[in-house]
Amino acid sequence: MDDYDPGLSVPATSVPAASDAGCHGGRETLLAAARAAGSAASVDRLLADYPRGPHDQPQSMCPAFGSLRVGLRMRRVATILSGSACCVYGLSFTSRFYGARRSVGYVPFNSESLVRGQLFEDIRDAVIETADPANYDAVVVINLCVPTASGVPLDLLPKQINGVRVIGIDVPGFGVPTHAEAKDVLAGAMLRAARSEIEAGPVQRPRGQQGDQPTVAMVGEMFPADPMVAAGLLAPLGLGIAPPTPAREWRDLYGALDCAVVAAVHPFYTAAFREFAAAGRPIVASGPVGAVATEAWLGSLAAAAGVPQARLDAALDASLPALRATLAANPVNARITLSGYEGSELLVARLLVEAGAELPYVGTACPATDWTEADRIWLEARGVHVQFRASLEQDLQAMRVVRPDLAIGTTPVVQKAKEQGIPAIYYTNMVSGRPLLGLPGIGAMAQIVRAQTGGRERFARMVSFFGTPPSAAIPIAKTGA
């Protein structure tokens, strides 16, 4: 840590706002337009839930992709986008790139239909046409930047049509900083609707849920095996796993809300946590990575759920020795910088540090919340600089100063690292695409680091071989149009 000075971070004024060069006039113009058009309550809630950093907003893909992804991953849920055609094209393309095999609805508009209010009528007609109870439990309508700034009132849509729920949300790029937090916008809206249904009377039992065992609802989009790993850790406590949030189908929302305690594995789900809190559910931070965090996590869950000390002791005895032995057998001997926008960066950092890595810097595009404090304090006590709302410039600067054995980061960070002969991997594909919790997480992380750092000499040879001094660069002739 001696050669990394957080004071060298990029000045706020040098980091551009994501929307400064936008095709619709910039963030401040759009915010003012939204308030003038009657969307003040919606955008003010977004700004309160998802505060920006000193550099205004991280550089990221269109945040609405997060809400789109949540809806497309749910059974019997249709999604309709309302926005500029170019934005809808990009979002639908990205959804296909990430494996969605479902159509995305789109309500087109022009300046006249937008000004005259016809767009809202067209959206309502599209929802009525789509809301077939034989095919769907819910229809999600997502306002992008222009409809939000123009005050298209999705809250005036019917709440149900033929028993099909209608969920309308505003997810403008000028109100939601990252696609990770946009997942929370839809997750929170769905939980709110499901909680209202529970309060109104009996609801459908979640698929596969049996018995009256108290459960833990895990919040965050995790590797598919991670909830099963957590279930094994919780079993000696007499606790089960509730359906996770974001959910896979509507009835899972009921099961999540029926939990005994909420596990904030991803700590930025502000709207979702608000709904759990309104339902009277306690919320526990962090997650079971490594041995130290697992011990603290199980202790916090046991306290929140009223589990006797004897059961907690049994759970710790069942898990900690194996975790410690696996950490000892899979050391991470490397200097690493870590950055990403998924929301799990602090948990990954904890696992790396406990496994023996030197980690001077971890950056996350997500904000600091009440549920990041435990992990932040633990990391900073061990010399890790934690940067919330990290910009690309800050991540790149940390890599240049630290000169790590491995850079784990976003695509542009990986690109710059490889240009400098530093082994690097894309966080979303290589880290989020593998187990993180419990014993599998320890083994997967050690394997990733070993495989990548072992190729540093090869990277150096490649840079040396392909490197061309500027004076020797070959000019490229321009061709006619």
Side-chain angles (χ1 to χ4, degrees), residues 4 58-61 94 97-99 178-180 220-226 266 287 289-290 327 330-366 379 384-387 390-437 440-464 466:
Y4 178 70
Q59 301 94 323
S60 173
M61 69 171 73
T94 305
F97 180 80
Y98 277 87
T178 67
H179 83 281
E221 196 175 50
M222 290 164 277
F223 184 76
D226 280 341
H266 287 190
V289 291
L327 282 164
N330 293 272
V332 175
N333 300 313
R335 185 173 171 88
I336 298 171
T337 56
L338 172 68
S339 54
Y341 45 65
E342 300 292 336
S344 56
E345 289 78 23
L346 270 61
L347 286 181
V348 174
R350 288 197 63 156
L351 178 54
L352 286 169
V353 170
E354 190 173 355
E358 182 184 356
L359 188 71
Y361 174 88
V362 55
T364 176
C366 293
L379 288 166
V384 181
H385 174 69
V386 179
Q387 181 66 55
S391 68
L392 172 60
E393 288 81 359
Q394 289 168 325
D395 293 342
L396 291 175
Q397 184 188 22
M399 181 190 67
R400 285 193 295 266
V401 173
V402 171
R403 296 294 301 178
D405 301 312
L406 175 65
I408 304 174
T410 57
T411 302
V413 172
V414 171
Q415 176 187 353
K416 290 294 184 181
K418 290 182 176 180
E419 287 175 357
Q420 298 176 36
I422 298 173
I425 55 173
Y426 179 33
Y427 185 99
T428 298
N429 284 4
M430 298 297 291
V431 176
S432 292
R434 284 173 168 76
L436 175 61
L437 308 184
I442 297 170
M445 189 60 62
Q447 182 183 34
I448 291 170
V449 176
R450 280 198 303 269
Q452 298 302 319
T453 56
R456 178 153 195 164
E457 183 182 351
R458 174 169 51 87
F459 270 104
R461 290 201 307 271
M462 290 173 63
V463 170
S464 175
F466 288 106

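Ala390 approaches Gly363 most closely through the heavy-atom pair CB-CA, 3.9 Å. What you find for Leu351 and Gly290 is that their closest heavy atoms are CD1-N, 3.8 Å. Nearest heavy atoms, Pro435 versus Asp226: CA-OD1, 3.7 Å. Contact detail for Thr453 and Asp405: the closest heavy-atom pair is CG2-O, 3.8 Å. Here the closest heavy-atom approach between residue Thr410 and residue Gly340 is recorded as CG2-CA, 4.2 Å.
Residues forming a side-chain contact (heavy atoms from CB on, under 4.5 Å) with Ala357 (at least two apart in sequence, or on another chain): Val332, Ile336, Leu352. Listed by chain and residue number, Thr178, Phe268, Cys366 satisfy the side-chain contact (heavy atoms from CB on, under 4.5 Å) test with Ala180 (two or more places apart in sequence, or in another chain). Under the salt bridge (Lys or Arg N to Asp or Glu O under 4.0 Å) criterion, Glu354 pairs with no residue at all, not counting sequence neighbours.
To the nearest 0.5 Å, atom CD1 of residue Ile448 and atom CZ of residue Arg434 are 4.5 Å apart. Of the inter-residue distances, the one linking Arg335 atom CZ with Leu406 atom CG reads 13.0 Å to the nearest 0.5 angstrom. The distance from the CD atom of Glu345 to the CZ atom of Arg350 is 15.0 Å, given to the nearest 0.5 Å.
Counting heavy atoms from C-beta outward, Ile408 and Thr337 have side chains that stay 4.5 Å or more apart. Counting heavy atoms from C-beta on, the side chains of Leu436 and Met222 never come closer than 4.5 Å. At a threshold of 4.5 Å between non-hydrogen side-chain atoms, the residues Ser344 and His266 count as touching. In this structure, Tyr341 and Thr428 have side chains that are in contact, with non-hydrogen atoms separated by less than 4.5 Å. Within the 4.5 Å cutoff, the side chain of Val431 has heavy atoms near those of the Met445 side chain. Within the 4.5 Å cutoff, the side chain of Leu437 has no heavy atoms near those of the Phe223 side chain. When side chains are defined from C-beta on, Tyr361 does not count as touching Pro404, because their heavy atoms never get closer than 4.5 Å. Asn330 places a side-chain heavy atom less than 4.5 Å from the side chain of Arg450.
Side-chain atoms of Gln394 never come within 3.5 Å of backbone atoms of Leu392 as a donor-acceptor pair (strictly under, hydrogens ignored).
Side-chain N/O atoms of Arg403 and Gln420 include a donor and acceptor closer than 3.5 Å.
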Original post:
Is there a side-chain contact (heavy atoms from CB on, under 4.5 Å) between Ile425 and Val414 once you walk through the steps?
Top reply: CA-CA 6 Å; Ile425 55 173; Val414 171; 5.6 Å; no
